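FYI, side chains are in, hydrogens and waters are out, and symmetry mates aren't considered; it's all heavy atoms of this structure. Every value quoted in this text rests on a predicted model; they were computed, and no experiment measured them. Each chain gets a letter, A, B and so on, in the order the sequences are listed, and its residues count up from 1.
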Amino acid sequence: MQQLGPERPAMTFDEVSLERSKSFVQALQELKNLRPQLYSAADYCEKAYLHSEQKQMVLDHLKEYAVRALVNAVDHLGTVTYKLTEISEQQSSDISTVELKISCLSQQILTCQTFADKEGLRQQQLSSRTTPRHKKHYILPSPIHKRLENISNLPKDNRSSHVQSMPLPQSYGVLTPKTLSWHLASDNSPAPSKESWTSLLVEDSRDRNVTMNSLPPSEHGVPMSLSSHLQAAKGNGTSVKDEMEAKKSLSEFKSFDKSVRGEISQPPPRSKNIISALFPRNKNFKPKRVPVS
Amino acid sequence: MARAGGMTNAVNVGIAVQADWENREFISNISLNVRRLFDFLLQFEATTKSKLAALNEKLDILERKLEVLEVQVSSATTNPSVFT
């Protein structure tokens, strides 16, 4: 099929396959034509053996013809089987190539799908980064701005002020975030500098004075000691008070710094020290004694 | 004379028997070869059937894969904004 004659041009793959199929069909047709030929030859030999006088000669000729016919039939059958196996092998090779192409296409589509998925995830992450994910409780607040915001948001009713004034001794409005931020800052920085401590303390003291001064006056529930403290804090100079408090708190924190690195789970004593440093008790205060008759 | 005639008859019979045996041998050879050819044809039919069945199965699998690919490509073409 692929023999190139001097006059025959080169054949393509389809032409070669077509030629192979044509030769197979031709060989099969020739094999089918052998049957009537053998039948006719057998009838002729039978009549000749019966009607002739030289039966031995007819018999010898018949033997030779039978052998040749058998060889011819085997030859034709071999040709047909060879061509059929060649065609089946070609078809199997074609199917394998098609299978490879389909696998390539499937891999390409899979890569496109993975690319689309990754792009979708990236876009989703980008969109999620723009929106805040964490609660405000876990975000380090800017102390001054947030306290000012809290102060501006406070209502002017007595009840609300009463309710907010009650928990002051414990939390002092912004003490817990302050301690949380203070803890986080202390954890993040293994060796906090003195300047950072002083800045924190100065800010803390100034903020507290601001909060204390800006709070509305309360009538119920506030203990007399706290009100007296507030009045004492108001009466004294804020600038001088700030410096003294900062120095006292700094001295306290210097000694406390060493224990912070080992033990973090001791926030209440610090707050008490800070509170005691920032708000010293008025020694001249004496509780009123109501005479009982 | 009679004995010479009998001997020729015996010889003829012997020759005839020998020829008959040769013919029978020839016929047996031919029949044997025809049977071998028949066995070859049966074996060839079995192998060809198995090969064709394997090819058919491969073609079915490829057809299903192509259908899946067509569906995936159609879904991709319906949403071209994903790939832009």
Asks: Please list, in residue-number order, every residue in residues 5-16 of chain B that has a heavy atom less than 4.5 Å from any heavy atom of chain A; write 'none' if there are none.
Replies: none
Asks: Answer yes or no: are there more than 12 heavy-atom neighbours, outside A:K55 itself, under 6.0 Å from its atom NZ?
Replies: yes
Asks: What is the distance from atom CG of A:L84 to atom CZ of B:F44, rounded to the nearest 0.5 Å?
Replies: 4.0 Å
Asks: When rounded to the nearest 0.5 angstrom, what is the spacing between CD in A:E99 and NZ in B:K65?
Replies: 5.0 Å
Asks: Roughly how far, to the nearest 0.5 Å, is the CG atom of B:L69 from the CD1 atom of A:I102?
Replies: 7.0 Å
Asks: Suppose the criterion is side chain to side chain donor-acceptor pair (under 3.5 Å): which pairs have a residue in residues 24-48 of chain B, not counting sequence neighbours?
Replies: B:D20-B:R24
Asks: Could you state the interatomic distance from CG (A:L77) to CG (B:L41), rounded to the nearest 0.5 Å?
Replies: 4.5 Å
Asks: Output the distance between atom CG (B:L66) and atom CG (A:L105), rounded to the nearest 0.5 Å.
Replies: 8.0 Å
Asks: Quick one: are B:Q72 and A:L110 in side-chain contact, heavy atoms under 4.5 Å?
Replies: no
Asks: With heavy-atom distances below 4.5 Å as the criterion, would you say the side chains of B:F40 and A:T81 are in contact?
Replies: yes
Asks: Would you give the length of the straight line joining atom CG of B:L55 to atom CD1 of A:I95, rounded to the nearest 0.5 angstrom?
Replies: 4.5 Å
Asks: Take atom CZ of B:F26 as the centre, draw a 6.0 Å sphere, and report whether it contains more than 12 heavy atoms from other residues, nucleotides or ligands.
Replies: yes
Asks: Side chain from CB out, backbone as N, CA, C, O: work out which of these in A:I109 comes under 4.5 Å of a heavy atom of chain B, or both, or neither.
Replies: side chain
Asks: Quick check on A:Q54: does its CD atom have over 12 non-hydrogen neighbours (other residues, nucleotides or ligands) under 6.0 Å away?
Replies: no
Asks: Should the heavy atoms of other residues, nucleotides or ligands under 6.0 Å from CD of A:Q124 be counted, would the total exceed 12?
Replies: no
